[in-house]
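Right, one structure below, let's go through it.
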Amino acid sequence: MEYDFKAIEAKWRARWTADGTYVSQERNDKPKYYVLDMFPYPSGAGLHVGHPLGYIASDVVARYKRQCGFNVLHPQGYDSFGLPAEQYAIQTGQHPAVTTEQNISRYRSQLDLLGFSYDWSREVRTSSPNYYRWTQWIFSQLFGHGYDQSADQAAPISALTDRFAERGNADLNWAVGEETLTEAGELHFGEGFEGVFSAQQWNGLSEKGKSDLLMAYRMAYLADSEVNWCPALGTVLANDEVIGGLSERGGHPVVRKKMRQWMMRITAYADRLLDGLERIDWSDSIKEVQRNWIGRSTGAQLMFNIEGHQGLNIEVFSTRPDTLHGASFLVLAPEHPFVLDITTESQRAEVQAYQVETAARSERERMAGDRGVTGCFTGAHAAHPLTGDLMPIWIADYVLAGYGTGAVMAVPAGDQRDWEFARAFGLSIPPIFEGHNLEEGAETDKNAVLCNSGDWNGMTCHKALPEAMAFLSEAGLAKPKVNHRLRDAVFSRQRYWGEPFPVCYVDQIPQLIEGDHVLLPEVDAYLPTEEGEPPLARAEKWNVQQGDRMEFNTMPGWAGSSWYFLRYMDPHNENAFCSREKSDHWGQVDLYIGGAEHGTGHLLYSRFWTKFLFDLDLIGFDEPFAKMINQGMILGRSSFVYRIEGTQTFVTFEQRKSHRTQRLHVDISLVQNDILDLDGFRAWRPEFANAEFTLNEKGEYRCGSEVEKMSKSKFNVENPDDLVERYGADTLRCYEMFLGPLEQAKPWDTQGINGVHGFLRKLSRLYRGADGETLVHDGQPSPEGERALHKTIKKVTEDLDRLSWNTVVSAMMIGVNELTEAKAHQRALLQPLAALVAPYAPHMAEELWELCGGSGLVVDAPWPKWDAEKLVESETTYPVQFNGKVRFQFSVPSDTAPADVESAVLQDERTAKQLQGRSPKKIIVVPGRIINIVG
RNA sequence: GCCCGGAUGGUGGAAUUGGUAGACACGACGGACUUAAAAUCCGUUGGCCCAAACGGGCCGUGCGGGUUCAAGUCCCGCUCCGGGUACCA
């Protein structure tokens with residue numbers, strides 16, 4: 001066999017393993033390059049062809065950089081804590097660790113088949129005790145720190161307690177929990193303990209009191225807060241795990257519930273997470289997703305006095321104080337604490353009914369339901385801060401309690417929701433924009449010109465906004481305010497298969513367990529206890545430590561994945577999560593490749609933890625991933641058969657419309673080039689055993705097809721193992737890269753794989769004849785052969801540098817076609833060629849390298865360089881355009897000066913023919929490119 | 001609604017700074033080899049038109065305008081598709 005890929009691939013994989021080829025070490029004689037894949041969750045289904053796409057791309061880069069002389073770090077591991085293994089455990093009693101182990105070995109064997117250059121000696125698993133002890137350690141650091149906003153970095157809680165003991169909390173500027181702030185922004189730490197407290201007060205607090213107070217400052221803290229509770233999963237979920245009111249995993253309904261949970265104060269980092277985006281090379285769409293998720297908006301906090309309620313003021317957040325003259329009413333969230341205080345007797349019943357109604361509507365119903373405008377008048381009025389006019393105060397569920405102050409000033413002329421609300425309830429809509437028709441809706445363009453707005457009349461909103469801000473601040477009517485949509489993240493899960501917290505409770509006070517490593521205990525069942533405690537409460541002996549109750553919650557899936565890229569740098573360190581020496585050596589991830597679905601989860605949390613560890617001076621960089629590429633999803637191509645209704649007769653695709661047919665998915669393994677294997681189909685399922693077929697003119701049964709998501713139920717899953725078996729790993733690697741731009745979603749179509757396989761065979765035939773005889777010789781290469789090689793080196797190198805994986809394959813194909821044409825069997829050409837194809841087809845490249853007598857392994861072969869002189873052609877052929885249309889080709893010696901090209905082309909008889917006697921008005925010669933004659 | 005992408009032959013896609021649109025493949029069609037099939041090799045393949053042929057012309061990158069010697073690429077205005085997100089004040 002001329003290209004025995006099975007033998008070749010097995011041979012070189014064994015060699016790489018035996019030699020430890022891909023084990024990487026810190027070294028200072030070469031620049032480093034860290035290329036990382038998002039590590040997989042090892043699911044029971046194994047890999048389909050979509051999974052390796054990103055892995056192949058990163059492997060190509062890892063190999064390319066290595067040949068270019070970089071010291072490459074290219075590790076892989078498993079995100080092995082998580083829900084599916086636990087759900088499976090609940091159903092079968094199988095310990096999640098066992099399932100996980102099985103899934104990991106399946107993944108590993110599938111990955112190994114593809115010839116990746118991973119350094120497996122650095123493998124990490126988030127569920128391994130050697131790994132999660134450091135996840136726990138980072139948690140304890142988060143617990144032990146808060147955020148000093150003056151220094152704009154994390155600072156130890158001990159600094160805070162020292163300060164409290166000396167001078168209380170005067171002039172303190174630390175990030176503090178929202179639940180600690182009153183409506184007016186005052187601190188409130190419990191009964192009789194508000195605002196500024198003295199050292200004496202602090203020192204007089206009980207241990208429990210101190211612990212509770214400090215929770216308001218810790219980066220990891222316990223709080224009673226509204227959380228997303230998923231009854232079906234029996235656990236809380238973070239905001240990013242809830243999509244449209246349903247759980248991301250499983251699609252179960254999620255409700256709001258008040259619970260005491262561990263939280264992460266990611267909000268302290270909101271601005272730095274936003275600013276950091278400017279310094280990283282990520283796609284605009286992911287950056288935009290993060291910006292929106294953080295949702296920074298700047299505006300003003302305005303105060304409205306409530307008529308007849310001395311000293312009771314409603315704070316309102318507005319990004320548009322320039323439209324203040326148009327404010328005609330206030331709207332509070334139904335849950336706003338003042339609602340019942342201000343509601344008049346006559347409105348009380350109606351208001352309470354509305355509150356009940358709102359509370360009963362789940363988030364999901366609100367989302368799915370009608371967008372009808374609802375609301376209710378409280379009977380109270382507030383005074384307009386500029387005019388003193390009375391403005392009615394309403395409540396409505398379009399105002400959210402959790403954002404801003406939970407109250408808005410309605411400017412119906414300038415906000416569409418306010419406009420609709422005013423329309424629905426007949427409230428006044430003061431006109432404040434010149435030339436705007438209020439019948440049509442609100443004016444939201446900031447270029448609109450204001451009227452009826454006092455000093456701001458005639459200004460555009462753009463101009464009036466800063467004026468309004470300055471005026472209102474000066475007058476003491478408003479203060480500048482920045483709001484974020486970002487909320488602190490829930491960090492507790494009521495599940496078994498996760499990191500246990502290194503925390504126990506002593507007299508209700510949470511204490512870190514230091515010294516002992518808290519291991520995940522064995523339990524008799526993976527369900528909550530009868531008292532509703534999480535599964536860990538079942539672990540007798542474990543559930544009480546040091547005489548006190550353990551924390552029964554576990555950490556969420558994103559805990560382990562927030563820092564795994566650091567552990568690869570120093571995977572076996574027993575004294576630290578990663579030594580500073582190692583993290584300084586490897587630094588940021590230079591290239592991160594993975595799906596775009598983690599925009600608001602993993603990618604935000606790992607940035608947060610990185611910044612935190614940077615603040616603690618434990619690592620030297622505060623963004624984890626310098627450059628990221630998000631690969632697109634590979635879609636499946638489903639095949640269909642058409643059954644005449646009520647029969648077992650199947651008609652071919654061409655005739656499907658001449659009968660009443662049902663379209664049924666058919667397993668794509670039974671279909672080759674849209675033609676169905678009839679016997680295979682009959683044998684596929686018992687109900688098709690007696691199937692009859694109506695064939696087309698060629699006597700074939702043609703199937704229909706459609707591109708859709710790959711899934712088992714659609715029988716369109718392409719398994720990489722089968723393709724490796726049929727074509728070899730090198731073919732699969734090249735083909736996945738050849739499909740199209742990495743970032744684009746694209747359909748999987750196995751038909752094209754033949755072409756790529758053919759390319760590799762053709763490549764092989766340059767080196768070895770049909771009978772296996774070596775064709776490589778030491779003759780002098782022809783100029784054509786040299787030009788073909790150097791052209792290919794140039795194109796491949798440039799395309800790899802701009803990460804254009806797909807065009808590299810085309811370039812290699814063109815190169816091989818041209819070299820074949822030039823009968824290029826000279827060692828001087830074929831040896832660099834083997835080095836050139838090595839990143840894409842590493843197994844074959846080793847074989848060909850060896851055949852050429854290359855020294856060592858091709859993995860370490862220096863990247864070939866192109867020689868510009870070899871590319872120079874003696875003649876340049878210009879396309880000659882007349883008025884922009886190409887009319888003929890014109891060749892001149894390549895060193896002809898543009899002016900000489902011009903005069904030469906004008907003397908050409910074809911030019912005269914085109915001009916038909918006219919004289920050219922203008923001639924443009926773009927050297928080496930094109931000639932355009934205007935005339 | 002808002003934000004981010006995208007639209008190029010029968011299909012996947014290429015065209016990197018405005019410079020020959022359709023590279024490279026797939027598929028299809030025709031041919032060679034073969035008892036046959038597979039494999040391999042050769043040729044044709046955006047549409048329309050003129051020509052017996054050699055050749056030649058016109059149109060063409062979602063739609064409509066514009067800038068330019070020259071536009072898939074830049075500008076203005078739309079349409080459709082994909083993804084994200086949502087009563088965020």
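Letters A, B, ... are given to chains in the order of the sequence lines, protein chains preceding strands, and every chain is numbered from 1. Worth saying up front: this structure is predicted, and the values here are computed from it rather than measured.
- Proximity of the aromatic rings of A:F329 and A:W394 is defined here by a centroid distance below 6.0 angstrom, and this criterion is not met.
- No side-chain N or O of A:T600 forms a donor-acceptor pair with one of A:Q290 less than 3.5 Å apart.
- If you check B:rC87, B:rA25, B:rG27 against the side chain of A:R417, the one that comes closest is B:rC87.
- The nearest whole Å value for the distance from the CE atom in A:M737 to the C1' atom in B:rA14 is 17 Å.
- Each of B:rC4, B:rA86, B:rG19 was ranked by its minimum atom distance to the side chain of A:S285; first place goes to B:rC4.
- In this structure, the nucleotide among B:rC4, B:rC24, B:rA89 sitting nearest to the side chain of A:N817 is B:rC24.
- Under the 4.0 Å criterion applied to side-chain N and carboxylate O atoms, A:E278 and A:K287 are not assigned as salt-bridge partners.
- The side chain of A:R485 places no N or O atom within less than 4.0 Å of a non-bridging phosphate oxygen (OP1 or OP2) of B:rU85.
- A sub-4.0 Å separation between OP1 or OP2 of B:rG13 and a side-chain N or O of A:Q744 is present.
- Here the nucleotide nearest the side chain of A:K922, chosen from B:rC87, B:rC69, B:rU16, is B:rC69.
- For the pair A:K746 NZ and B:rU11 P, the computed distance is 18 Å after rounding to whole Å.
- Between A:Y878 and B:rU20, a side-chain N or O to OP1/OP2 separation shorter than 4.0 Å is absent.
- Between the side chain of A:E718 and the main chain of A:V49, no donor-acceptor pair closer than 3.5 Å is present.
- When distances are taken from the side chain of A:I924 to each of B:rA25, B:rA89, B:rG19, the shortest belongs to B:rG19.
- Rounded to a whole Å, the CG atom of A:N806 is 15 Å from the P atom of B:rC24.
- Defined by atom type and a distance below 3.5 Å, a donor-acceptor pair is missing between the side-chain atoms of A:S810 and A:T807.
- The base of B:rU20 does not come close enough to the side chain of A:K885 for any donor and acceptor atom to sit less than 3.5 Å apart.
- The A:T319 side chain lies nearest to B:rA89 when the options are B:rA89, B:rG84, B:rC69.
- When the P atom is compared between B:rC76 and B:rC4, the two are found 14 Å apart, to the nearest whole Å.
- The partner of B:rA32 is B:rU40, judged by Watson-Crick or G-U wobble contacts that both fall below 3.5 Å.
- Taking atom P in both B:rU73 and B:rG66, the straight-line distance is 14 Å, to the nearest Å.
- Which of B:rU16, B:rA89, B:rA23 sits closest to the side chain of A:F317 comes down to B:rA89.
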